[in-house]
Number of protein chains: 2
Amino acid sequence: MIYDSLIHYIQERSQSTLMPSDIALIREAFVYKKLRKRQFFLQEGDICKHFGFIVKGAMRQYTVDQKGSEHTIQLYIENWWASDRESFWKETPSIYAIEAWEETDLLLLPKANGSYERVNAIPAFNEMRIKLDDNNSIASQRRLRASMFDTAEKRYEELTLRYPEFIQRFPQHIIASYLGITKETLSRIRNQSAKK
Amino acid sequence: MIYDSLIHYIQERSQSTLMPSDIALIREAFVYKKLRKRQFFLQEGDICKHFGFIVKGAMRQYTVDQKGSEHTIQLYIENWWASDRESFWKETPSIYAIEAWEETDLLLLPKANGSYERVNAIPAFNEMRIKLDDNNSIASQRRLRASMFDTAEKRYEELTLRYPEFIQRFPQHIIASYLGITKETLSRIRNQSAKK
DNA sequence: AACGGAAGTTGACATAGATCAACGTTTTTT
DNA sequence: AAAAAACGTTGATCTATGTCAACTTCCGTT
């Protein structure tokens with residue numbers, strides 16, 4: 001069953017135990033949705049109305065600048081939470097798009113109709129969420145530091161170590177834009193390292 | 001009283017009301033500490049044992065690389081929370097230093113002796129914390145995007161708009177390193193803009 | 001007030017990575 | 001299977017920003 005992976009995910013990341021009533025609430029609150037390749041979870045200009053848990057698949061979040069180049073902000077695979085927090089919280093139009101890169105199974109937690117609050121009130125969920133936020137904050141600080149102070153080559157190497165899945169599942173030009181470099185530069189970096 | 005500013009801060013950022021017992025707990029859990037200019041809240045290699053709420057003052061968080069140059073990761077002023085989350089959570093030695101840039105009044109929430117858990121169990125505090133985490137996550141995503149895709153000049157302009165206080169209270173070379181550029185480049189950017 | 005150190009400026013030069021353009025390869029669509 | 005689109009590579013050149021070094025200005029300490 002599709003909900004099992006979410007329930008397992010929550011349980012694994014908290015001390016508290018999920019009660020049967022909690023599980024019932026989760027099944028009720030989260031809505032299943034399947035996206036085909038290249039379908040959008042969120043389009044630029046729309047308000048992000050869900051937190052999405054990825055059961056299976058891969059997605060990417062990006063913006064397009066005035067010149068028409070895409071900048072990849074985040075990549076997502078199984079067991080990641082996809083959302084534009086700013087748009088979700090402030091209910092403002094998003095500047096990002098989030099697109100399924102592979103066929104993707106999602107469980108959507110809507111902001112509307114109190115689902116979000118009721119789920120957050122589950123102790124195990126709240127614990128998991130605090131840990132998730134901490135890890136996000138640690139990861140984005142790391143990524144920021146790297147983007148400001150490390151070379152493109154070092155950032156690529158670190159990515160291959162930390163998230164090897166990304167490299168296998170997304171094409172090079174997307175990896176490049178996630179690293180904040182051009183596809184040409186990434187191609188050269190890869191040729192360089194290959195020679196070593 | 002020094003605790004009032006913290007209590008006011010929490011109350012302002014939550015729906016729930018702080019009960020007298022909550023306030024008593026906060027006064028008990030948070031420890032007051034004054035740092036003089038250039039004193040450290042955290043030194044590189046130490047484990048970060050507190051979340052620090054800044055009542056008054058200004059601090060900065062930085063690393064020193066192999067070449068001896070300092071990279072400023074974060075600046076803090078009144079009503080900001082200072083901490084190295086990674087070190088705090090994982091209880092690993094920090095790669096950062098956090099230093100008082102002005103004389104600073106802090107309220108420290110220790111990780112030890114259950115203070116942290118008890119305070120987090122206060123509903124108003126938990127709500128405030130969720131909002132704080134969301135805002136941090138939004139801010140660091142914004143900063144990451146800017147560092148990867150905007151020019152130094154644009155990043156400086158945005159900083160002057162978003163956090164004008166930083167520019168007034170920290171010297172230029174620290175602002176430069178917060179922006180991920182050298183002091184020479186920042187100096188040139190400022191001269192450029194002045195001419196316009 | 002005068003000294004010493006920290007902060008900021010300016011110029012000459014170096015370099016990582018971007019841009020542009022052409023071409024090769026792989027994948028998708030028909 | 002052919003055509004089209006997406007993806008990746010390579011070379012030439014350009015540009016924003018870094019590096020190094022000399023100099024000036026400001027500020028805190030005595």
Side-chain angles (χ1 to χ4, degrees), chain A residues 36-39 58 60 62 64-72 75 99-103 145-160 166-196, chain B residues 36-39 58 60 62-72 75 99-103 144-160 166-196:
Chain A
R36 312 222 137 259
K37 280 188 187 194
R38 307 280 188 156
Q39 275 191 315
R60 66 167 184 144
Y62 64 93
V64 181
D65 66 19
Q66 305 91 327
K67 289 183 187 166
S69 358
E70 289 178 0
H71 299 294
T72 299
L75 301 175
E99 178 195 47
W101 191 254
E102 302 173 358
E103 180 171 302
R145 213 204 53 228
S147 111
M148 291 204 294
F149 307 122
D150 294 348
T151 63
E153 184 170 5
K154 182 145 181 239
R155 277 179 277 148
Y156 178 66
E157 276 164 17
E158 282 198 26
L159 184 67
T160 59
F166 286 178
I167 309 231
Q168 289 149 23
R169 295 172 69 176
F170 295 94
Q172 249 174 256
H173 69 278
I174 288 183
I175 298 290
S177 106
Y178 176 79
L179 289 170
I181 60 182
T182 59
K183 60 191 196 321
E184 291 93 338
T185 297
L186 180 54
S187 170
R188 285 186 252 261
I189 286 171
R190 286 166 53 95
N191 280 0
Q192 280 297 104
S193 335
K195 279 177 201 155
K196 287 182 191 166
Chain B
R36 311 221 139 260
K37 277 188 189 194
R38 306 282 188 155
Q39 275 191 316
R60 66 168 185 143
Y62 64 94
T63 22
V64 180
D65 67 18
Q66 306 91 326
K67 290 184 185 167
S69 357
E70 289 177 359
H71 299 294
T72 299
L75 301 175
E99 179 194 46
W101 190 255
E102 304 173 358
E103 179 172 301
L144 177 67
R145 212 206 52 228
S147 111
M148 291 204 295
F149 307 122
D150 294 348
T151 63
E153 182 168 5
K154 182 144 181 238
R155 277 178 277 147
Y156 178 67
E157 276 164 18
E158 281 199 28
L159 184 67
T160 60
F166 286 177
I167 310 232
Q168 289 149 21
R169 294 170 71 175
F170 294 95
Q172 248 174 259
H173 70 278
I174 288 183
I175 298 292
S177 108
Y178 176 78
L179 290 170
I181 60 181
T182 59
K183 61 190 193 325
E184 291 92 338
T185 297
L186 180 54
S187 170
R188 285 186 250 260
I189 286 171
R190 286 166 52 96
N191 281 0
Q192 281 296 103
S193 334
K195 278 176 203 155
K196 286 178 193 166

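Owing to the predicted nature of the structure, the values given are computational and were not obtained by experimental measurement. Within every chain, numbering begins at 1; the chains are lettered A, B, ... in the order of the sequence lines, protein sequences first and strands thereafter.
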Exercise for review: Measure from CD on B:Glu184 to C1' on D:dA21 and round the result to the nearest Å.
Suggested key: 10 Å
Review point. How close or far is atom C1' of D:dT19 from atom CG of B:Asp65, stated in whole angstroms?
Key: 14 Å
Study note, to complete from the structure: Whole-Å distance, A:Arg36 CZ to C:dT29 P, equals 12 Å
**Study point:** Closest contact, heavy atoms only, A:Glu99 versus A:Tyr62
**Key:** OE1-CE2, 4.0 Å
Check your understanding: Which whole-number value in Å describes the distance from A:Lys183 NZ to D:dG11 C1'?
Key -> 14 Å
Review point. Taking only side-chain nitrogens and oxygens of A:Gln172, does any of them come within less than 4.0 Å of OP1 or OP2 of D:dT9?
Key: yes
Practice item. Check every atom of C:dG17, C:dG8, D:dT9 against the side chain of A:Thr151 and return the nucleotide holding the closest atom. Key: C:dG17
Check your understanding: Do A:Ile167 and A:Tyr156 come close enough that some side-chain heavy atom pair is under 4.5 Å?
Key -> yes
Exercise for review: Return the value, rounded to whole Å, for the distance between atom CD1 of A:Ile175 and atom P of D:dT9.
Suggested key: 13 Å
Exercise for review: Taking only the side-chain heavy atoms of A:Lys37 (C-beta and beyond), determine which of C:dG17, C:dT28, C:dT9 contains the nearest atom.
Suggested key: C:dT28
**Study point:** Side-chain donor/acceptor of B:Arg190 to base of C:dT10, under 3.5 Å
**Key:** no
Check your understanding: Closest nucleotide of DNA chain C for B:Ile174 versus for A:Gly180: which of these residues is on the 5' side?
Key -> B:Ile174
Study note, to complete from the structure: Of the candidates C:dA7, C:dG17, D:dG8, the side chain of B:Trp101 sits closest to C:dA7
Check your understanding: Nearest of D:dT9, C:dT10, C:dG17 to any side-chain atom of A:Thr185?
Key -> C:dG17
Review point. What integer distance in Å separates B:Asn191:CG from C:dG11:P?
Key: 10 Å
Check your understanding: Under 4.0 Å between a side-chain N/O of A:Thr182 and OP1 or OP2 of C:dG17, yes or no?
Key -> no
Check your understanding: For the pair made of CD in B:Glu99 and P in C:dA6, what is the distance, rounded to whole Å?
Key -> 12 Å
**Study point:** Minimum-distance nucleotide (side-chain atoms of A:His173 versus D:dC7, D:dT19, C:dT19)
**Key:** D:dC7
Exercise for review: Determine the interplanar angle of the B:His71 and A:Phe149 rings, folded into 0 to 90°, and report it as parallel if under 30°, tilted if 30 to 60°, perpendicular if over 60°.
Suggested key: tilted
Exercise for review: Mind calculating the distance between CZ (B:Arg38) and C1' (C:dA6) to the nearest angstrom?
Suggested key: 8 Å
Revision key, fill the gap. So CD1 of A:Ile175 and CG of A:Leu75: to nearest 0.5 Å the spacing works out to 5.5 Å
Exercise for review: Please confirm whether any donor atom in the side chain of A:Arg188 sits under 3.5 Å from an acceptor in the base of C:dT19, or the reverse.
Suggested key: yes
Review point. Using 4.0 Å as the upper bound for N to carboxylate O, is an ion pair formed by A:Arg36 and A:Glu103?
Key: yes
